[in-house]
Amino acid sequence: MSKIMNTMNRRHFLKTTSGVAIAGAATLAAPSLANAAAGGKVVIVGGGVAGATTARYLKMGNPDIDVTMIEPKASYHTCFMSNEVLGGERTMGQIEVTFDGLMKMGVKVIKDHVTAIDAAKKTVTTAGGTTYGYDHCVVAPGISFVVDPFVKEGAAVFDKLPHAWQAGPQTALLRSQLEAMPDGGKVAIIAPPNPFRCPPGPYERASLIAQYFMHNKPKSKVVIIDRKDKFSKQGLFTQAWKNLYGFGTDNSIIEWRSGASTGGIDAVSAADMTIETLSGGKEKFDVINYIAPQVAGTIASIAGLTNDKGWCDVDKTTFESKVHKGIHVLGDASVATAMPKSGYSANSQGKVTAAAIINMLAGKPVGTPSYVNTCYSIAGKDYAFSVAAVYRYNAEKDVIGGVEGAGGLTPMDASAEMLRREVEFAHSWYNNICKDTWG
Amino acid sequence: MRKFMTYAFATGAVISLMGFSTAQASDAEASMLANTCNGCHGPNGVSQGPATPTIAGMNKNYLIESMTNYRDGTIRKSTVMQRIAKGYTDAEIAKMADFFSKQKFERVAMQKTDPAEVAKGQALIKDMCEGCHEKDGYTAEDYPVLAGQMLPYLRNNLMDFDSGSRSIEANPKMSDKEKRKKLRVLGELKEKGGVEAVLQFYASRK
């Protein structure tokens, strides 16, 4: 089918431009240039932040580009702010976005699952049996999970011990478990090893579950069983937990156990609802949030785009794969050092990628990229903080480096008023990034 | 984070040695620089609310003033903007300001206001604010557009004028005469108990 479509495009191109002198043999030999006259064809795999932002900014930059976005879900639940759903502050509907805005801009949104990408033939094939030809393919599959060998139930474990690290039914499941749990119960959050999506996420989650317990089930506890010895925004979270949830006292709602303190996890059983650690032995929990180790979304490895660690190496100015030309990988799936795997990073990378593709299709230099990350964490009522960075590409080191003296964390001595404002800005951030991404 | 900062400084050092730090950074097109703001400020700088201000359609000089005052870190204190503004050169700020000044200020956020306060505010602005924030705060000549701006943002800023954390006295872009006038009007408005009413009036503009 793609072959037919490509042929059709070419024929159409030849027919419409045969009289133009520039259509020399060299031009015709390069497919991207051939399609450039007709705007070019981009196929996007995944309708999350990275994929949708790229789609929108491609269409805004050049409406003549034929943009197809393939996404298995009919709508998308954002991972960001899903911790507010778990804490009972927000509904599932309030983290749901549709693809209507993208479709209105002329993006062809296909509800299907991509099963193969052929980098040589420049085609994308779906479970529905359709093959799409492309000039540039954008692979934005987010993350997939690598279930630890110590988990007795294997991949089926998530039916009972939700990861809730891809928002949607998993978020709803974890929320219902928290609601069903008796007062005096105990929740475990198993926090993943680096690198993973949303580095401060597990700790914001602990905070908002603690807030829910404080008001509804005050005898309950949240125990973070970490695979690491330190974590993102640790100073700010620890201070917030002391201020809000009695952290460090006998009555603390939150307990954090470092990887070193537990000596590592030996076994997790969904059937028994137990976690066994080297130092702590076997412990029973009422709810276990198993945030498993992560790698790039499955299609990235199927398409041969991943490195030996399971993530995708890319040119950091175009996000073009270092393995396959013409395929761009961005968002959580990519190695975008030193940008974190965050929603804002994915949004920012989508704009850099869209600009690069527009220029590449037009046969122009890709231009100088600019990137930003702004990430809020809500610790409780009127209490949030952030980390921000402005980045430039550093060719010497091949990294997206933070600008000297800029960015950084909310200061530890921020006033109550500033922490309150950060909540307002976090909620504004949510509305604006969703509009900017999905329209 | 500490690791990141060390790294960032190291990067900076390398760049300065190479001698292309700011010149190269300014090569980015205006849209490339400006689009990075949209994640927080909304598409083309039009905020969906509730608090982050719309920056689309603002006066270019005012946008430059805001960014440079944020960057200074003492003239205009903030949550995240003072950290982000430090990432840009004067040339980059000028490009972004020019870009956003050419966008349309759209009033899309649903803001709740109290009709009684709005009416009270309308009566007050005629004499007190209209001299600078002309045409009910819709114009962007010389001063920021206030009509349809986010209410929590307006409240935060009035609080900051009052506390001095957004300093009128230290603002290098204002003449002494302007500073005296602003401080006098703000003082009178407070005395009359009209601050909230005026803010509600501006926020209520469609």
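The basis for the numbers below is simple: all heavy atoms, side chains too, and nothing from hydrogens, waters or symmetry mates.
- Both the backbone and the side chain of B:Y88 come within less than 4.5 Å of a heavy atom in chain A.
- For A:Y57, the part lying near chain B is the side chain, with the backbone staying farther off; criterion is any non-hydrogen pair under 4.5 Å.
- Looking at A:Y371, the atoms closer than 4.5 Å to chain B (heavy atoms on both sides) all sit in the backbone: N, CA, C or O.
- The neighbour count for B:K181 NZ, taken as heavy atoms of other residues, nucleotides or ligands under 6.0 Å away, does not exceed 12.
- Note that CE of B:M96 is 7.0 Å distant from OG of A:S370, once rounded to the nearest 0.5 Å.
- For the residue pair A:N432 / B:T52, no side-chain donor-acceptor distance below 3.5 Å is found, with atom types taken as modelled.
- Taking 4.5 Å as the limit, every side-chain heavy atom of B:C40 sits out of range of all side-chain heavy atoms of A:I433.
- Rounded to the nearest 0.5 Å, atoms CE (B:M150) and OG (A:S428) are 8.0 Å apart.
- Under 4.0 Å is where a charged nitrogen must lie from a carboxylate oxygen, and between B:E92 and A:R392 at least one such pair does.
- Heavy atoms of A:Y344 lying under 4.5 Å from chain B belong exclusively to its side chain.
- Of all heavy-atom pairs spanning B:A28 and A:T368, the tightest one is CB-O, 3.5 Å.
- By the neighbour-count criterion of 12 heavy atoms within 6.0 Å, atom CD of B:E134 is densely surrounded, having more than that number from other residues, nucleotides or ligands.
- Proximity to chain A is absent for every atom of B:S165, based on heavy atoms less than 4.5 angstrom apart.
- Within the 3.5 Å criterion, the main-chain N or O of A:D436 finds no donor-acceptor partner in the side chain of B:N38.
- Of the two parts of A:S348, only the side chain, counted from C-beta on, holds a non-hydrogen atom closer than 4.5 Å to a non-hydrogen atom of chain B.
- At a threshold of 4.0 Å, the pair B:R83-A:E422 counts as salt-bridged, since one of the basic side-chain nitrogens sits closer than that to a carboxylate oxygen.
- For the pair A:V352 and B:M32, the minimum side-chain heavy-atom distance is below 4.5 Å.
- In this structure, the side chains of A:M418 and B:V80 stay at 4.5 Å or more apart for every pair of heavy atoms.
- Heavy atoms closer than 4.5 Å to chain B are found in the side chain of A:T374, but not in its backbone.
- For A:E417, the part lying near chain B is the side chain, with the backbone staying farther off; criterion is any non-hydrogen pair under 4.5 Å.
- Interatomic distance, OG of B:S78 versus CZ of A:F425, reported as 8.5 Å (0.5 Å rounding).
- For B:M159, the part lying under 4.5 angstrom from a heavy atom of chain A is the side chain only.
- In the displayed structure, B:M110 atom CE is contacted under 6.0 Å by at most 12 heavy atoms of other residues, nucleotides or ligands.
- Considering only heavy-atom pairs separated by less than 4.5 Å from chain B, the leading option among A:H427, A:R56, A:M60, A:K435 is A:K435.
- In terms of heavy atoms, A:R421 sits closest to B:T79 at CB-CG2, 4.1 Å.
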